[in-house]
Amino acid sequence: MEDLIQEARRLREEAEKELHEVLSLPSLQEWRNRHLSKKAPLSALMARLREAPPEERGSLGAGLNEARKALEGLFGEKERALREEALTKKLESERVDVTLPGRRDGIGAINPFRLIEDEIVQIFAGMGYRVEEGHDVETERYNFELLNMPEGHPARDMQDTFYLEGEGLLRTQTSASQAHVLEENEEKGPLAIISPGKCYRRDDDDMTHSHQFGQVEGLLVGEGVSMADLKGTLALFARKMFGEKREIRLRSSYFPFTEPSVEVDVSCARCEGKGCSMCKGTGWIEILGAGEVHPDVLRKGGYDPERYQGFAFGVGIERVAMLRYGIDDIRRFYQDDARFLAGFREED
Amino acid sequence: MKVSYKWLGEYVDLTGVSPEELARRMTLAGVEVEEIRPLASGTGLLIGEVLSSEPHPDSDHLHVLQVDEGKERGVRQIVCGAPNARAGIKVIVATEGAVLPEATIRRSKIRGVQSEGMCCSLLELGMNRKYLSESQCAGIEELPPDAPVGEEPLSYLGLDDVVLELSLLANRSDMNAMVQVAQEAATLLGRELRLPKAPLVEGKDPSVLPSSLTPRCSRFALAECRGVKIHPSPRWLRLRLIASGIRPINNIVDIGNYAMLLTGQPFNMYDLDKLPEGRLEARDDIEGEWEAMDGKKYLLQKGDISIASKGRTMCLGGVMTSMECAVDGSTRNILVESALFDGPSVRRTSLRLGLASESSQRFAKGVAPLQEESLAFALALVKELADPDSVSGIALYGGERPERRRIKTSLPFINRRLGTALGEEEVLLALRSEGFRAEKDGEGILVEVPLRRIDVLGEADVSEEVIRLLGYERVPSRLPALPPEGGLTPRQERKRALRRMLRHKGLSEALTYSLLPKEEEDSYPYLLPGESLRVRNPLTEERLSYRKSLLPSLLETLLWNQARQSGDLALFEIGEVFSKGKGGERLAIALMGERRSRSLMEGAPYGFFDLKGVLEDILQFLGIKESRVRFEPLRSERQEFHPGRSAVALVGKETLAVLGELHPSELKKRGLRSGSLMEIDLSLLLSLPGEGSKARVPSRFPGTRRDLALLVREEVPFREVRETAQRASRLIKDVLPFDEYRGEGIPAGKKSLAIALFLQDEGKTLGEEKIQGAVLKARKALEEKLGAEVRE
């Protein structure tokens, strides 16, 4: 029965040889049908085993089985290789150009006015100030009278204020909020508020003037709140807003509702105080007006100025934004040109 | 106020103090020096004498001059085009290398003839044209015959001065006087003050006596000077006027101006012989046409202050003299007025008539009650400069004046207000150096305020005065303790978070003007109807009405960007709106062009559902149940929104929002290619209660989905389909649409709607029987209540 083994070897060699030619899964299946199915010649050899003498059957069977096992093993390997190859091809066909744009709604920009307003409010809210949102439409009482600008005061001129039909006017400064909170605080006790908002003045619009502009008003009232507290607070604000190395200086000024009144200058960030075109050679840039709340303003708000003192300040939002970002024209804040807005995003 | 550095130097020793240093010190103390500039300037200048002048061989207007430039430089040749260039005159020569305000002089050949410099006019040295005569502007400056050849001409002419332009604070009108500027400078520099003196001289009364019939003129002083000689003022006075920005006229007019600059008190000069009668009275009841000294006619009304004679206005009080009695070249006898007029009245008159003068500006800001002292200065000058035959005494109406104000304060008060630790001695010294009387008074300090300082009224003002003079660097820096409970309120936090969320959704935050033109005031009135709140005194018709809606302004923004190739845009803005009697806060959204989710590769036109999606996201973000908000078609006759693609969002009976795509005729009217707008009542939105997070226990039992294809009438909204199906069985937890179709295969007036029913029983796994039962109930309800056909 030697020929049985030889035949099996021949069949195995033939099958192995054919397997080399197999390049796809369907033809691998055909190969399997040809060589490993029940109708395959190798199976026929198995049938012939019965003809062999019983004492040889064991070793012959093992020989045939070995050939079959070997072919099955080869089949498995080939199948894995072909599947892998097919997958690789499929994935290759699904390849994308990773440099094409992603799918997104994008993050919206923010008008630098709002950006700076938020930032100022955040700085003071972080220190513990409450935020008081005033209104654009005010009355003479809150915009002027309670702030020490009685009837006939030049600041109440028709020249500067938009008066509305009826009683109202468009507030000319956020200090109007100051008058409200003083009057409306029933305890007449300590207060710390910050009040951002829009203001209006009868200015023709040009690069540096706007009939509409923004301010943030600050007010701190307590026992013994002095100019020293104002100086410390605004120095901290200037560092947070314009950088750690900034210093401030106070310059005497005048506002009807504060006494003493000061303008606050911050050391120029561009030239470090040496003097340049940005600070007009002085090394300092004016950023806001401030002062000790006038005793009459406290009194009109129902406070006892013998007991309470306070400071107030008003920051121009556009002015700070223009300094911070080098914006050349105040009208840009109100045009919302998409190309301009695209430069600003919330940083935190 | 323009201040001559040289003039100031007469009163305060400025040795070693540059104009820049002086400016810095004054500015820090609240007297801001806005600009420092030389009166005239130029380097390399000297005085020359023209020895000869020959016509240029190759020009019909140029001269070739031989100019003696002194011992050192000798005689030089200069080519000059001035018509007055001639032999014998003394001129200003800019030598080679000289730097003038607008030129640098070089040695050159002019049409073939060598020129070694330039003869100058004062214009070329930077002097303002308004102080120069026509001939001075047309040609070169001719110096006096005794001008020293070879010397520096600016100092010889007294033009080597520097002008400090002060920008005065509203409360420091006293600084409109040189005596006060000098006082301030002396205090700040710690130097001695040497002011001129003009004692009050007794004399007989003037022939015209002052009186006043109105409280608007509370003090009125007059003096008479007879036989004055009118001629140009001396050079020193003219120069001081020029440096102060006032054009010299003649000695009488100049004296009025000079004394005003010195004392801050405006004067008026009358030609005595032109007065209709020997009386001058202040009144505020004269109306009608009046001719001012400038030859123009103005219409006076009640409240304007007149200085009248025989019922006629001789001077518009504090503003301008009348044509009728103005001083001119033939004037012999004058009357000098020094009065105190009510500032607000002068300001109103001046503003109404558009007639402003140095005088009206000073009165408007406030003048000290020092009429007779100031008048004495003017009279002393008349004596010195106009050679009068006689000068009368001063007649005064309203002699009483307020006493020097006394303010009681204390060192602890001052230190507590300033947060300082100042000593008593330095406080007293600082106040005294500024002209205050300041004495210890028991535990306190008694301060007496000079009459000129009309701004110092109370203790707080004294504290300012002290620190202003000592310098704010004396104030230490410290951080105050704050009352508890600060920071943003929950509502403010929500608003801020909402804005951030919208930006993260890709909308940019915009800011627009609140005032609208008239034709826009009633646009988009859906959330706030009613009458617009208009400005009574608008600057332009473009900015007339406070907006009732943010949408018109955002449409402007869309248009601006469309015109600048930014055609795809998503914006939002938060702002206030007002009508007569009502106001609120709004959140507006404006979309234009396409939603560009992958740059130019993918895009879908923005439309109704983009807006609605934003609102739904907002509701979800704020934790507001979507079921609280009902969307209904916007029914409006206005052709602003697309009638089929616009809606109102209602909460109960209140309108929360209006949204929609723009009507084609609105787009056309505004020149827009596309646009979708939404306006939300933010006040209402933020008042709606939001639900916080909560844990939901997911059911252990699986739910299931069954789909139905319906054919319903066009007008049946999906909301009714959902509610009907949901009400049919408690097992139906949710109903979602997954397709909507009209057109081929669907009968007219109908639409095909495919919905998914989500069923769930919390207690157990749903059996097929129960599912079938629930679906059947839903089918029946849809068929019976909505007339729906269920397609198999």
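In the text below, chain A, chain B and the rest are named by the order of the sequence lines, each starting its count at 1.
Using the six-membered ring where Trp is involved, Tyr513(B) and His211(A) have ring planes that are tilted, between 30° and 60° apart.
No donor-acceptor contact under 3.5 angstrom links the side chains of Ser532(B) and Ser545(B), judged on distance only. There is a side-chain donor-acceptor pair under 3.5 Å between Ser267(A) and Arg246(A). For the 3.5 Å distance criterion, the side chains of Arg216(B) and Ser345(B) qualify, holding a donor opposite an acceptor. For the 3.5 Å distance criterion, the side chains of Thr557(B) and Tyr334(A) fail to qualify, holding no donor opposite an acceptor. For Thr282(A) and Arg24(B), the side-chain atoms include no donor-acceptor pair closer than 3.5 Å.
Ranked by heavy-atom pairs under 4.5 Å with chain A, the list Leu351(B), Asp455(B), Thr420(B) is led by Leu351(B). When Arg543(B), Glu465(B), Glu32(B) are compared by the number of non-hydrogen pairs under 4.5 Å with chain A, Arg543(B) comes out ahead. Ranked by heavy-atom pairs shorter than 4.5 Å toward chain A, the options Arg496(B), Glu556(B), Met601(B) are led by Arg496(B). Ranking Lys280(A), Arg130(A), His135(A) against chain B, the residue ahead of the rest is His135(A), based on heavy-atom pairs under 4.5 Å. Most heavy-atom pairs under 4.5 Å with chain A: of the set Pro483(B), Ala570(B), Pro538(B), Ser566(B), this distinction falls to Pro483(B). Put simply, of Lys580(B), Glu485(B), Arg499(B), Glu573(B), the one with the most heavy-atom pairs under 4.5 Å next to chain A is Arg499(B). When Ser599(B), Gly471(B), Ala170(B) are compared by the number of non-hydrogen pairs under 4.5 Å with chain A, Ala170(B) comes out ahead.
The parts of Pro476(B) that come within reach of chain A are both its backbone and its side chain, each placing non-hydrogen atoms under 4.5 angstrom from that chain. Only the side chain of Leu569(B) comes within contact range of chain A, judged by heavy atoms closer than 4.5 Å.
Here Phe213(A) and Tyr200(A) keep their ring centres 6.0 angstrom or further from each other.
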